[in-house]
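Encoded as structure tokens, the structure appears first; notes follow it.
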There are 2 protein chains.
Amino acid sequence: MAIARPIDRRLFFWFDRAHTILAKEADQFLSDNSGIGSSQASVLTYLGFHDGCGLSELGEGIGRNNPAVTGLINRMEQAGLVKRVHGGLDGRRKRVQLTDEGWSKREQVREDYRIFNERLTRGLTQTETDAVLKFLTLAPENLSKNLSKK
Amino acid sequence: MAIARPIDRRLFFWFDRAHTILAKEADQFLSDNSGIGSSQASVLTYLGFHDGCGLSELGEGIGRNNPAVTGLINRMEQAGLVKRVHGGLDGRRKRVQLTDEGWSKREQVREDYRIFNERLTRGLTQTETDAVLKFLTLAPENLSKNLSKK
DNA sequence: CTGTATTCATTCGCTTGTGAAGCAAATTAC
DNA sequence: GTAATTTGCTTCACAAGCGAATGAATACAG
């Protein structure tokens, strides 16, 4: 196996740095255009594909823990973007649904993301963008698998 | 120009999700092994290459704003990892230096990152890892350039 | 020179996330 | 059928980052 190159050792360093910078920009951009932040945008995006899912599943989907989701959905319910409905047979479960306003906001956000993401990938080839997406989806999985065999 | 593929539109969504998950893991991992969090690890990493730099430059380097750096350096000074020294001719400026303990902690962190990053890139080829690093260094730059011509 | 603008760092008030603990509903074990 | 565990969500206390405002020191314009 090849020796890790110095730059590779700083992968997470660059990842973390890029995230704080990009997240600020994304929040600003979304806030200017659609009046919400990136966490709420994540919820809208996820619910667009999984409307009516439970709160825990939502947390899993957007990478936040349960207390964070509770707060996030409180604010979004307050803002009229989503509503909690009872989960049917299971009395503990609550499902989250987009309201009409939520669906319409989601369309705005899709457009914002389209522009923003296009800007992010300037200077990258399609192959490189694919590699980035592969990393972003694979790495969290890799970690959870390797937790045990430290 | 090619039409953006649906998956590409969610680039930032995946980026944000991956970051929260990875950051939690990284904090846990670093905390277990070296007793510090990822923000402090970033400072140690950056200072390893730019020991004695000013607080603003440090913030730029690790992607945090000035108030965040002030707090971070307060905690690290408290912990004996860094010290503030006066910036010479310019009476406003303060420089940050690693203490002996800081240098030694930095070595630990280097090793932690080596292991952690190796884990992150499992399943990726070297070419793909390179693409990820290119993205992480390029995207923040791209944004700041494009701020004006919204 | 002197007044204005700029820069570097800090303080302040607030938001959002975290882990730990708690509660109620459902499931499993015996 | 009851006790013990697990699951889904919420509450709580706290950590850390953000923007805005502030305080000091320097630079610049006339």
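Keep in mind that the numbers below use all heavy atoms, side chains included, and drop hydrogens, waters and symmetry copies. By convention in this document, chain letters (A, B, ...) are assigned in the order of the sequence lines, proteins followed by strands, and residues within each chain are numbered from 1. This structure is a prediction, so every number in the text was calculated from the model and none was measured.
If you find the closest nucleotide of DNA chain D to A/R95 and to A/K24, the one lying nearer the 5' end belongs to A/R95. For the pair B/G71 and B/D90, nearest-nucleotide mapping onto DNA chain D gives the more 5' position to B/G71.
One can place NE2 of A/H19 at 13 Å from P of D/dG17, the figure rounded to the nearest angstrom. For the pair A/E57 CD and D/dC9 C1', the computed distance is 15 Å after rounding to whole Å. Following rounding to the nearest Å, B/I36 (CD1) and D/dA16 (P) show an atom-to-atom distance of 12 Å. Atom CZ in B/R92 sits about 15 Å away from atom C1' in D/dT22, given to the nearest Å. Separating the CD atom of A/E25 from the C1' atom of D/dC18 is a distance of 13 Å, rounded to the nearest angstrom. The interatomic distance linking A/I21 (CD1) with D/dG17 (P) rounds to 14 Å, in whole Å. Between the CD atom of A/Q28 and the C1' atom of D/dC18 there is a distance of 11 Å, rounded to whole Å. Rounded to whole Å, atom P of D/dT10 lies 13 Å from atom CZ of A/R93.
Distance CG/B/N142 to CD/A/E25: 11.5 Å, rounded to 0.5 Å. Taken from NZ in B/K134 to OG1 in B/T137, the straight-line distance is 9.0 Å, to the nearest 0.5 Å.
Donor-acceptor pairing under 3.5 Å is recorded for the side chains of B/D32 and B/Q28. In this structure, a donor-acceptor pair under 3.5 Å is present between the side chains of A/Q126 and A/D130. If you check the side chains of A/Y113 and A/Q108, you find no donor sitting under 3.5 Å from an acceptor.
Nucleotides of DNA chain C lying under 4.0 Å from heavy atoms of chain A occupy a range whose first and last members, 5' to 3', are C/dT16 to C/dA26.
OP1 or OP2 of D/dG8 has not a single side-chain nitrogen or oxygen of A/S56 nearer than 4.0 Å. Dashed line: the shortest gap from a side-chain N or O of B/S39 to OP1 or OP2 of D/dG17 is under 4.0 Å. One finds no side-chain N or O of A/K94 lying less than 4.0 angstrom from the OP1 or OP2 phosphate oxygen of D/dG8.
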Practice task
Start with the C-alpha gap between A/L55 and A/N66, add the side-chain angles, then the distance that decides, and say whether side-chain contact (heavy atoms from CB on, under 4.5 Å) holds.
Solution key: CA-CA 7 Å; A/L55 288 167; A/N66 284 351; 5.8 Å; no
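Between A/R10 and B/T45, the closest side-chain pair of non-hydrogen atoms falls below 4.5 Å.
For the pair A/R64 and B/D16, the salt-bridge criterion is met [side-chain N within less than 4.0 Å of a carboxylate O].
In this structure, A/A68 reaches the bases: a heavy-atom distance under 4.0 Å links it to at least one base atom across the strands shown.
Contacts between residues 73-86 of chain B and DNA chain C, counted as heavy-atom distances below 4.0 Å, involve B/R84.
Classification of the A/F135-A/F15 ring pair by plane angle, with boundaries at 30° and 60°, yields perpendicular.
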